[in-house]
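Nothing fancy with the numbering, it's 1 onward along the sequence.
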Amino acid sequence: QDGKSLTEKESTKADLDSQLQEHGATLKAATSELMATDKYISSLHAECDWLLQYFDVRKAARTDEIDSLGKAKAVLSGADYALLQTSSRAFLQRRQ
């Protein structure tokens with residue numbers, strides 16, 4: 001009986017050891033995936049911080065670009081902006 005019980009215990013131990021190795025491999029894969037996910041989240045966080053930090057600058061640039069496009073469209077449509085540049089002409093005139 002002791003021999004049979006010992007054989008059963010050794011068999012159970014071998015099964016448990018193989019399960020332990022499987023779970024160890026699963027744990028290693030899950031840990032690796034978790035580290036990759038954390039790295040991705042960190043990169044997203046940095047990108048979002050940058051977007052929030054420079055939001056006002058980007059908004060002003062968009063507004064200026066929209067204004068410039070509107071003026072360019074008006075010029076192409078035939079609007080005369082020559083009167084707006086009278087001060088720059090005076091600046092460029094040669095002094096005598």
Q) Who pairs with T31 by side chain to side chain contact (heavy atoms under 4.5 Å, CB included), at least two apart in sequence or on another chain? A) L27, M35
(Q) Applying side chain to side chain contact (heavy atoms under 4.5 Å, CB included), can you list everything that pairs with T37, at least two apart in sequence or on another chain? (A) E33, I41
Q.
Suppose we screen for salt bridge (charged side-chain N to carboxylate O under 4.0 Å, His left out). Which residues come up paired with K13, at least two apart in sequence or across chains?
A. D17
Q: Would you confirm whether S11, through its side chain, and T7, through its main-chain N or O, come within 3.5 Å as a donor-acceptor pair?
A: no
Q) Tell me the ring pair (Phe, Tyr, Trp, His ring centres under 6.0 Å) pairs involving residues 14-52, sequence neighbours left out? A) W50-Y54
Q: Output every pair passing salt bridge (Lys or Arg N to Asp or Glu O under 4.0 Å) with a member in residues 41-67, not counting sequence neighbours, ordered by first then second residue.
A: D67-K71
